[in-house]
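Structure first, commentary second.
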Protein chains: 2
Amino acid sequence: MLKQPPSNEEYLPHLAFDSVIFGFNGTQLKILVLEYHNTGLFALPGGFVRRYEDVDAAAKRGLWERTGLDNIYLEQFYTFGNFSRSRPDIMRTILEANGFEIPEDYWILDRFISIAYYALINYDEVVPKPDELSDNINWYPIDNLPKLMMDHQLIVEKALLILRENLDKKLVGMNLLPPKFTMQVLQKVYEAILGEKLRRTTFQRKMLTLDLLVRHEKLFSGGAHKAPYLYSFKHELTEQLSQEAVLSN
Amino acid sequence: MLKQPPSNEEYLPHLAFDSVIFGFNGTQLKILVLEYHNTGLFALPGGFVRRYEDVDAAAKRGLWERTGLDNIYLEQFYTFGNFSRSRPDIMRTILEANGFEIPEDYWILDRFISIAYYALINYDEVVPKPDELSDNINWYPIDNLPKLMMDHQLIVEKALLILRENLDKKLVGMNLLPPKFTMQVLQKVYEAILGEKLRRTTFQRKMLTLDLLVRHEKLFSGGAHKAPYLYSFKHELTEQLSQEAVLSN
DNA sequence: AAACTATTGTCTCACTTTGTTACATTAATA
DNA sequence: TATTAATGTAACAAAGTGAGACAATAGTTT
């Protein structure tokens, strides 16, 4: 028996959101990618906007549904609105592979404009959950993604560009790292995002003179070498930014 | 007899665009603002997206309709999607003041998400034209705008923030100035955008070492002082950017 | 226990960029 | 011809960045 797909009573037609969810595993910058049932199709996590729901709230809800996390750094970065980006043929494949009965003129097969967000999360805190249409959701390093459907590759590339631009302005590191971290790990985040090596001494000097960090006790990691200090971002900053993050506008 | 308003056959529901159109008159940074007939309401120029039209193309078309200009620097900068931003009461006032017969459940009174663009144009080249709903369209200096309806003030503020961020990256000056200009005028554009005075010698040195400008003949303005050189942006740059501008994605 | 290794924190020096002031140049005017 | 006001450029100080050196040190090896 065929299942009933979502009705368009609940959602705004023609409007979707997609999220590029970044995480950092200590070495690589990764994003979450869904794989749809029985199709070999890979996609960004996304969803639709409810009729009475703020678009930001929809994106936040989508993030919560995939990660269980609330209060995440989330930023809208672009809206993809080309006519040709919509692919009813692909959407039909996905729905059919999931055993849905597809009504005549079904709304999900229409043209969609997608509002894209990127999120920064602490990799270790999350056990991602697939959505109803997907087999699984997994972390993929940004330089080794599967082939993504539709224009999702483009969305990721744009997200990465914007993330790089915001790297200094927005204290990106704060959201990708645990509360305490070594200078080396912080540097690795920067390197992973920028895709280039940085000079250790210059980086350290820069970070310290910016006066954003608090130094804590040393971390005795067990390595045969001098133990590094742990740092955290100053408390005022974490307050300020987590506000700005999800609420703005 | 009441006029027929636009039907939603032609346009995507719930979706609009608004444009912050910047111009520079030699002293002040200004934007174009519409005033609706018989309402005292001021708004940004905007419009709807046709069912088979790229969103960027819609914004470009809207700009052409208001300015007669094609090939303008136009950049999408944010999408405003809060539920509370839509104001059917205000839309009804505007339509009624224009003598439209408003159908039951009329689509324009629904919720709208607006994709916002900013444009940079050469002030001198333009004679703006009001739309069907408006008495007039005028330039207003950004620090002395009329009270704008709905969230349009917020849209302008965000546009200005983004414009400031892009000031160095995107060669903004090129699009606001005539092909040849003096260093003083270029500096005034920067000052108008940033809202602060800059140091003449530092600015001049910076601009010259960036190696973006070509120096031309002197401009004998009639002032009782040394005549300044005229400059233009290097040809390669103007090519490159005007492409990037309207097409990207 | 001493030597060794790898990483860390800091310093130095050269070089670049920016802030600030100074000054000679020059087109129009008195 | 002297005066005026903006312009182009140089000079020097202050701040920031790139590159390398080096001592300190936690664990490992001998």
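Any value given below was found using the heavy atoms of this structure, including those in side chains, with hydrogens, waters and symmetry copies removed. The sequence lines fix the lettering, A, B, ..., with proteins before strands; numbering per chain opens at 1. Here the structure is a predicted model, which is why all the values come from computation and not from measurement.
Going from atom CG of Leu213(A) over to atom C1' of dG9(C) covers 14 Å, rounded to whole Å. In this structure, the OH atom of Tyr190(A) is 16 Å from the C1' atom of dT17(D), given to the nearest Å. Following rounding to the nearest Å, Arg200(B) (CZ) and dA10(D) (C1') show an atom-to-atom distance of 12 Å. Taking atom CG of residue Leu210(A) and atom C1' of nucleotide dT17(D), one finds them 13 Å apart after rounding to whole Å. Going from atom CG of Leu208(A) over to atom P of dT17(D) covers 13 Å, rounded to whole Å. Atom CG in Leu230(A) sits roughly 13 Å away from atom C1' in dT8(C) (whole-Å rounding). Regarding Leu219(B), its CG atom lies at a distance of 15 Å from the P atom of dA6(D), rounded to whole Å. Rounded to whole Å, atom P of dG19(C) lies 15 Å from atom CD of Gln204(B).
Classified by interplanar angle (parallel below 30°, tilted 30° to 60°, perpendicular above 60°), the ring pair Trp139(A)/Tyr123(A) is tilted.
Arg205(B) contributes a side-chain N or O that forms a donor-acceptor pair with the base of dG19(C) under 3.5 Å. Contact of Thr201(A) with dG9(C) (side chain to base): no donor-acceptor pair of N or O atoms is detected under 3.5 Å. Between the side chain of Arg215(B) and the base of dG8(D), no donor-acceptor pair under 3.5 Å is found.
Distance from the side chain of His225(A) is smallest for dA26(D) among the nucleotides dA26(D), dT9(D), dG9(C). Among the nucleotides dA21(D), dG18(D), dA26(D), the one closest to the side chain of Arg199(A) is dG18(D). Distance from the side chain of Lys218(A) is smallest to dA26(D) among dA26(D), dT7(D), dC12(D). The side chain of Lys226(B) has dT25(C) as its nearest neighbour among dT18(C), dT25(C), dA26(D).
Within the structure, a side-chain polar atom (N or O) of Lys206(B) is placed less than 4.0 Å from OP1 or OP2 of dT18(C). OP1 or OP2 of dT8(C) sits under 4.0 Å from a side-chain N or O of Gln184(A).
Mapped onto DNA chain D by nearest heavy atom, Tyr231(B) and Gly223(A) fall at different nucleotides, with Tyr231(B) at the one closer to the 5' end. Both Phe220(A) and Pro228(B) sit near DNA chain D, but only Pro228(B) has its closest nucleotide nearer the 5' end.
Under the 6.0 Å distance and 45° angle rule, Lys30(B) does not count as a cation-pi partner of Tyr140(B).
Lys234(B) and Asp211(B) are joined by a salt bridge, as a carboxylate oxygen and a charged side-chain nitrogen come within less than 4.0 angstrom of each other.
A donor-acceptor distance shorter than 3.5 angstrom exists from the side chain of Asn25(B) to the backbone of Thr27(B), with no hydrogens or angles considered.
Asn166(B) and Tyr118(B) share a donor-acceptor pair across their side chains, judged by distance under 3.5 Å alone.
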